[in-house]
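Report on the following structure.
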Amino acid sequence: RPPPELAPSPATVVTVKNGSYTWHGFQRFLGARRGSRISGMAELKKYFNRFGYLGFQDGNVTDVFDTRLESAVAAYQAKLGLPVTGRLDSETLSQMMSPRCGMRDAMQPMHAAMH
Amino acid sequence: YVYFPGKPRWARPIPMTLTYAFSPENLVGYLSLEDIRGAFKLAFARWASVIPVSFSETDTYSFADIKIGFYRGDHGDGEPFDGVLGVLAHAFSPESGKFHLDAAETWAVDLESEKSTVAIDLESVATHEIGHLLGLAHSPVKESVMYPSLKPRAKKADLKLDDIEAVQALYGSNPNFKFASSMESDISSNQ
């Protein structure tokens, strides 16, 4: 009978395709600025809404890079210590695609509802 | 550093002790409870070393001040998790005590032995979320623990001056606290 293996068992290797990262698709917005229209930009607006930078006034979220989105991008850059350009430059997009805490950056605190 | 609106904090006499517990039904199978407890113990100790607040683990989950659990997707608090990477965890402002981690992540207590390219350091995230539980919001200082993002396989658990000043303004200083140069952060690197 072979002796018991003394070496540690190999560590589990998990690989995830880049495309399955939650916000990986934002890469296609590189260079976008006010006036740009790119399919899927509504998702970007939802990101800014989720983290407290952009309110949805009428629920109609379009794929147009409008002035409100520009303000949201600038606020995000200022809040995260990035150069404030109002544009979706590579540094900003890289930061946006990074995994992060779910707490809003510009926000009301998350309160637990008392039932 | 930044606080939540209204600057909420745990309103108890100083020094205070906060209890914490792990949800027995909401853990991750690939990490032992001992490993999880070890990572959190280190994270709580970092904050306890700078403020007159101590943290004590309790088995009585329902009565703990801080309730910790790993959850998937929509878990009932209006802040659903989103799978691998994206949002890693969230915690609530004082005095809620809710601390939720995304069970879909590959949580690691030792990045040298965990080879996954998407491994997330549990101690780093725990340290960040405890900051929220104590009343700190996200900081724009990149080196600080309270900066909102963390790359896979990165470790950022050492409190920086920005974190320390923020929490000491809420709770006062631990009488045994001594400042070390390693706690300084270079805010010029933000640009």
Side-chain angles (χ1 to χ4, degrees), chain A residues 7-27 43-44 46-53 73-85 89 91-115, chain B residues 2-6 8 30 77-98 100 102 105-106 108 110 112-120 125 128-129 131-132 135 137-144 146-152 154 187 189-191:
Chain A
S9 57
T12 306
V13 177
V14 179
T15 55
V16 176
K17 290 179 184 171
N18 279 348
S20 64
Y21 291 8
T22 303
W23 298 308
H24 182 75
F26 288 174
Q27 212 154 26
E43 288 305 310
L44 191 87
K46 288 176 187 170
Y47 176 98
F48 282 116
N49 173 261
R50 174 167 189 173
F51 295 112
Y53 296 96
V73 171
Y76 176 85
Q77 290 167 331
K79 181 75 184 179
L80 274 80
L82 302 167
V84 179
T85 63
D89 50 57
E91 195 176 350
T92 303
L93 281 174
S94 170
Q95 186 60 55
M96 289 178 69
M97 290 187 293
S98 295
R100 56 162 292 155
C101 170
M103 179 75 83
R104 291 162 191 77
D105 299 330
M107 50 31 188
Q108 296 297 310
M110 286 161 61
H111 288 297
M114 185 90 72
H115 296 290
Chain B
V2 181
Y3 298 116
F4 297 117
Y30 55 85
D77 62 6
E79 302 285 339
F81 285 130
D82 52 9
V84 179
L85 302 183
V87 167
L88 305 173
H90 56 229
F92 291 68
S93 55
E95 300 178 45
S96 162
K98 289 187 178 181
H100 300 163
D102 188 349
E105 309 299 346
T106 304
D110 177 7
E112 285 190 15
S113 62
E114 173 55 70
K115 302 299 182 195
S116 167
T117 57
V118 290
I120 300 292
V125 173
H128 175 96
E129 299 302 334
H132 287 321
H138 287 150
S139 169
V141 178
K142 278 186 180 169
E143 295 89 348
S144 73
M146 293 315 295
Y147 196 73
S149 64
L150 180 74
K151 300 247 192 256
I187 58 170
S189 69
N190 267 16
Q191 299 301 323

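Heavy atoms only: backbone and side chains are in, while hydrogens, waters and symmetry mates are out. Order of the sequence lines sets the chain letters (A, B, ...), proteins ahead of strands, with each chain counted from 1.
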* Asked: Just wondering, do B:His132 and A:Cys101 contact through their side chains at under 4.5 Å, heavy atoms?
  -> yes
* With only heavy atoms counted, which part of B:Val2 is less than 4.5 Å from chain A, the side chain, the backbone, both or neither? -> side chain
* Asked: Taking atom NZ of B:Lys151 and atom CD of A:Gln95, what is their separation to the nearest 0.5 Å?
  -> 6.0 Å
* **Separation of A:Arg100 CZ from B:Leu150 CG (nearest 0.5 Å)** => 12.0 Å
* To do: Determine yes or no for a side-chain-to-main-chain donor-acceptor pair under 3.5 angstrom, with A:Thr22 supplying the side chain and B:Val84 the backbone.
  => yes
* To do: Evaluate side-chain contact (heavy atoms from CB on, under 4.5 Å) for A:Arg104 paired with B:Glu79, printing each intermediate quantity in order.
  => CA-CA 11 Å; A:Arg104 291 162 191 77; B:Glu79 302 285 339; 2.7 Å; yes
* Could you walk me through whether A:Met103 and B:Phe4 pass the side-chain contact (heavy atoms from CB on, under 4.5 Å) check? -> CA-CA 11 Å; A:Met103 179 75 83; B:Phe4 297 117; 3.5 Å; yes
* **Part of B:Glu105 within contact of chain A (heavy atom distance under 4.5 Å)** => neither
* **For the student: nearest non-hydrogen atoms of B:Asp82 and A:Trp23, plus distance** => OD2-CZ2, 3.9 Å
* Asked: Shortest non-hydrogen contact from A:Phe51 to B:Val87?
  -> CZ-CG2, 3.9 Å
* Structure fact -> The residue among B:Ser139, B:Pro148, B:Pro140 that forms side chain to side chain contact (heavy atoms under 4.5 Å, CB included) with A:Asp105 is B:Pro148
